[in-house]
Amino acid sequence: MAKATFKIWRTHEGGDGTFQTFHTEVTEGMVVLDVVHKIQAEQANDLAVRWNCKAGKCGSCSAEINGKPRLMCMTRMSQLNLWEPITVEPMRAFPPIKDLVTDVSWNFRVKKTIKKFLPRKPDAPDGTWRMAQRDVDRVQEFRKCIECFLCQDVCHVLRDHNKHDEFIGPRFLVYAANLEMNPLDTEDRVPDLKNEHGIGYCNITKCCTTVCPEHIHITDNAIIPLKERVVSRFYDPITRILRMAK
Amino acid sequence: MAAYSTYSYDVLVIGAGGAGLRAAIEAANAGVSVGLICKSLLGKAHTVMAEGGMAAAMAHNDDRDSWKVHFADTMRGGQYVNNWRMAELHAKEAPDRVRELEGWGAVFDRTPDGRINQRNFGGHRYPRLAHVGDRTGLELIRTLQDHTTYLGVTVHMEHTVIELLLDGGRAAGVVAYDRERGRFHVFSAKAVILATGGIGRAYKVTSNSWEGTGDGHALAYRAGAELIDMEFIQFHPTGMVWPPSVKGILVTEGVRGEGGILKNSEGRRFMFDDIPDNYKPQTASDPEEGWRYVQHDKSARRPPELLTRDHVARCINREVKAGRGSPHGGVYLDIAWIKEKVGNAEEHIKRKLPSMYHQFKELADLDITKEPMEVGPTTHYVMGGIRVDGDSQMSSIPGLFAAGECASGINGANRLGGNSLSDLIVFGKRAGEYAATFSRENGQARVDDAAVDRAIEEALAPFDRGEAGENPYTVQADLQESMQALVGIVRLEDEMQEAVKRIQTFKARASRVGVTGHREYHSGWHTALDLRNLLAVSEAVALSAIERKESRGGHFREDYPEKLPEFATFNVMTKQGPGGSVQVSRAPLPPIPDHLKAVIEEQKT
C-alpha cells in the first residue's frame, strides 16, 4: 500500500476546467485506470471516464498521463514516480465533453470520406479469392489498429495547427494504407490522399509511431509508402510529361 | 411531461457488437431505414476481446469436415439441450458468412495455398476456426463497422436503452439516454433487434467489460419475453487473478496445451487427484505420459489439465476453498518448468505463446518463462438468454428479435470455443433479414407517452434521492460478491436459496440508491440504472439453477452431481409474473427430426 496524489482534469459548467487533487491509496499491480475507478467509486461518483475492455484491446481509455498520450489501462502505477503528483487529463486534440472524456466524433466522420473497400471479382474456382500470407502480412499490421486515436492526439498538424478540415491524421492514413495495400482492392485513393486528405501536411516526425500502443509502424510502413505513391503519380517529371501529352 | 427528442426507424438495433452490426447490415441491405444504438463508441464492443476464431466448416485444412460434423459437435458440446434448428442453421450457414467478410475487407490468416486458414479448437473434430492471429474479434468488429459506415445506417453512440416500449403486445421502440449529456431519447420502430451481449458483470470475477450488464436480457424480460437456459454459465478455468486491474482476463488454453501444469500452494499437481471415471481411459496416468502427449506423442494420453473446462474450473475452485490457493486466491499455472525438459525453454515459450508472454509481462510484470502464473476461474459467457424462433430470431413478443449472446438456443448447456463469433454473424444476419421483413409487413407502432414518462421519471429518481441515497457502487459490489459466492461454479440448494433471498434485499437497496451532480457522463448514475438489469438476470440465473436438479454443461450442483436423462427433455424458462414475481417453468424441447438424429449418431462413431 502506497499513497499517491492524482491531479485529474475536471471540467466546469461552461466548458473550461481545472485539475482537482485526489489523495488515494495505491496497491501493487494497479494501473492508472484502476486508480481513476477507485477515485470514482469512493470520492467522485460523477467523474467522467471512458473505458471498456481494460486490456488494451478496445482503445477507449485514451488520455494524457503526465503529459504523454497513453491508454490508462496499460499504464502501470509502478512505472510512475509516486513522489510527485500524477496528472491525468483528456486528449487535447479533441473538444472536451466532460472531465477525461472528449468528443472524438470527428474521426468517425473522417472515415466516411475515404473510399470504401472495392474487391475485384472472385477469381478462384470456388467463387472466392486466393491470397498468400506474405502478401497480407503488411495489411494485417495496419488492421491491428484499435482506434484509440492517440496518434491523432499527438499529431502536431491536428493538435497545434488544428488542420482537422484539411488533414485526416495518422489513423486514417493507416486506414487508407490498409485498403490500398489489400491485394483484392481495385479502388484508387491516391488523388484523394493528395487533394482531399492532406497527406502532404505530414512531415514525418514519427510522434504517432511513438505513441501507438499496438506498435504499428505508422510512419514507415503506412504514411511513407502512401506519400511515395502520391509523389510518383503527381510529381515525377516523366509521368508528368506523359500526362500532359495525353 | 418529460423532455426528450424522438427518432423513428423501420428497424432499430440495440447493440453494436458482431451480432448487432451484422443485423444492421442485413436490414440496411433490405432497403429499410435502420437505427443502431450502442452503449460505447462504435467498434469498442466486447466482441473485440475474442481471440481464437470463428467456427465454420469450410474444410480448408481437413476435407473431412462438413456442416454435419459441425452440427454434431455443437449438439454434443451443448449436451443435447440446444435448439436443434439453430445448431443446424449455424453449421450450414457459417461458411458463407465467413467468406462474405473477406469481400468486405477482412484479412484472415492464410493456408499455404492461399485460402482462409483454420485452426483446431476444443470440442471441434477438425480444424475449423477461421482466425487472425489471436485478435479475430477485432478483425470481425472492424470489418463489420467499416462496412456499415457506407450503408446509411444512423448510429447513436454512447446511448443506453432503459426501457422497451410496447404497443398492444408488439415491440414499438425504446427509451434511451445519451451518456454525453444525460438527455432522453425516444426511438419508435416497426421492429427492434436486441444484440446486447452477456451478463458477466453480475459476477465479481469476469472476462466481460462494464457493458455486460444483461441489458437485453432484462429489457426483454421486463417486457414479458421468455428467457431460457439461464442456469448455464460458462466459467473459463484460467483467468488472471492478479493484478486487480486484469482480474478475470483470459489466459488461453494454449498454455496448458504447450505443457503448462496446475499446482496448488503445496506444490502438488492436484489435477491428478480427481479424474472422472469416464475420462480415466483417455487421461495420462503420470506426469511423464502427460508431457509426452503435449510433445505430440500419439501413443500418450492427455494430461488432466486438459480435461473439460467445467471440470478444471471446479478443481481449481476446490483447491482455493480448501485453503491451498495462491496468495491472490488462485492456483499456479506453471509453464516455466519445461526448462527441465527442453533446451532454450525461454525462447520456446516466447515463440509458442507470444501474446501470453506479453500479457503477463506488461500487465503483471511477471516473466512466464521464469515464474508460474496465478490463475483462477472467470465468468466468461452465458449460454442462456432470450428465447427465440430458430429461423427468424423473433422472441415471443411480435416485432422483438434477439441475436448473439443475449439470445439463447444454439449453445445448449455449454458453448464450444469459436462458436460464438460464428453465432453472431449467422444469427445477426437472420435477425436483420426477418426484422426488415416484419417492418415491411407491419405499420408504425404507437408510442405510449405515459410509459415514456414513467421510464424517465424512474431513471431520474436516483438524483431526487441525492446524497441521502446509498452509493450504487456498493450495491453492485455486494451483488457481485453474492453471485460469485453462492451461484458460482459449484452450486448448492441452500446457497442458491440464500442468494435469492439476498437479491430481494439488493432490489430494495437498489430502489434507494442516490447520486449527486449533473447528468453529463455520470458513471454513478449509469451504475444505478444498470443495477435493475443485473438484479433481474441474477434472479433468473439463481432460480433457473435451483430448478435444474442435476449437473449438465456449465451448471454443476454438488447436491446433484450426476447428469439425469429426465432433465434432457426441457429448458428451464423464466418469465415475469404478476407483481414483479418470477415464473419458473419447464419448456419441453422440440423433438429432433430423424434425419438430424441420424447425423448425430453417424458422428458418434
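Proximity to chain A is limited to the side chain of B:Arg181, based on heavy atoms less than 4.5 angstrom apart. For B:Arg115, the parts sitting under 4.5 Å from any heavy atom of chain A are the backbone and the side chain alike. Of the atoms belonging to B:Thr527, not a single heavy atom falls under 4.5 Å from chain A. When heavy atoms are compared at a cutoff of 4.5 Å, B:Ile249 approaches chain A solely by way of its side chain, counted from C-beta outward. Neither the backbone nor the side chain of A:Arg120 comes within contact range of chain B, judged by heavy atoms closer than 4.5 Å. Both the backbone and the side chain of B:Val107 come within contact range of chain A, with heavy atoms under 4.5 Å apart. Residue contact with chain A, scored on non-hydrogen atoms closer than 4.5 Å, involves the side chain of B:Glu51 exclusively. For B:Tyr473, the part sitting under 4.5 Å from any heavy atom of chain A is the side chain, from C-beta outward, and nothing else. Residue contact with chain A, scored on non-hydrogen atoms closer than 4.5 Å, involves the side chain of B:Trp242 exclusively. With a 4.5 Å cut-off on non-hydrogen atoms, A:Gln79 does not touch chain B at all. There is no contact between B:Ile141 and chain A, counting heavy-atom distances below 4.5 Å.
A:Trp129 CH2 to B:Ile116 CD1: the interatomic distance, rounded to the nearest 0.5 Å, is 9.5 Å. Expressed to the nearest 0.5 Å, how far OG of B:Ser523 lies from CG of A:Asn45 amounts to 8.5 Å. Interatomic distance, B:Phe108 CZ to A:Gln133 CD, rounded to the nearest 0.5 Å: 12.5 Å. Here the NZ-CD distance, from A:Lys57 to B:Gln359, works out to 6.0 Å after rounding to the nearest 0.5 Å. Distance check, rounded to the nearest 0.5 Å: CG of A:Asp99 to CD of B:Glu520 gives 10.0 Å.
Per-residue heavy-atom pair counts under 4.5 Å with chain B were compared for A:Pro119, A:Ala132, A:Ala41, and the maximum is reached by A:Ala41. Residue with the most contacts toward chain B among A:Glu147, A:Glu13, A:Lys112: A:Glu147 (heavy-atom pairs, distance under 4.5 Å).
Smallest separation of non-hydrogen atoms from B:Val132 and A:Gln140: CG1-NE2, 3.8 Å. Across every non-hydrogen atom of A:Gly29 and B:Pro243, the tightest pair is O-CB, 2.9 Å. Here the closest non-hydrogen pair linking A:Phe117 and B:Trp104 is CD2-C, 3.5 Å.
Taking a cutoff of 4.0 Å between a charged side-chain nitrogen and a carboxylate oxygen, B:Glu158 and A:Arg50 qualify as a salt bridge. A:Lys111 and B:Asp146 are joined by a salt bridge, as a carboxylate oxygen and a charged side-chain nitrogen come within less than 4.0 angstrom of each other.
A donor-acceptor distance shorter than 3.5 angstrom exists from the side chain of B:Arg142 to the backbone of A:Cys145, with no hydrogens or angles considered.
Residue A:Asn52 is tested with B:His46, B:Glu211, B:Lys44 for a side chain to side chain donor-acceptor pair (under 3.5 Å); the sole match is B:Glu211. Just one of B:Val155, B:Leu42, B:Thr149 meets the side-chain contact (heavy atoms from CB on, under 4.5 Å) condition when paired with A:Phe108; it is B:Leu42.
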Verdict with reasoning, A:Lys116 to B:His147, per side-chain contact (heavy atoms from CB on, under 4.5 Å): CA-CA 8 Å; A:Lys116 67 176 180 183; B:His147 193 69; 5.9 Å; no
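Here salt bridge (Lys or Arg N to Asp or Glu O under 4.0 Å) pairs that include residues 173-186 of chain A, with residues two or more places apart or in two chains, are A:Glu180-A:Arg189, A:Glu180-A:Arg229, A:Asp185-A:Arg189.
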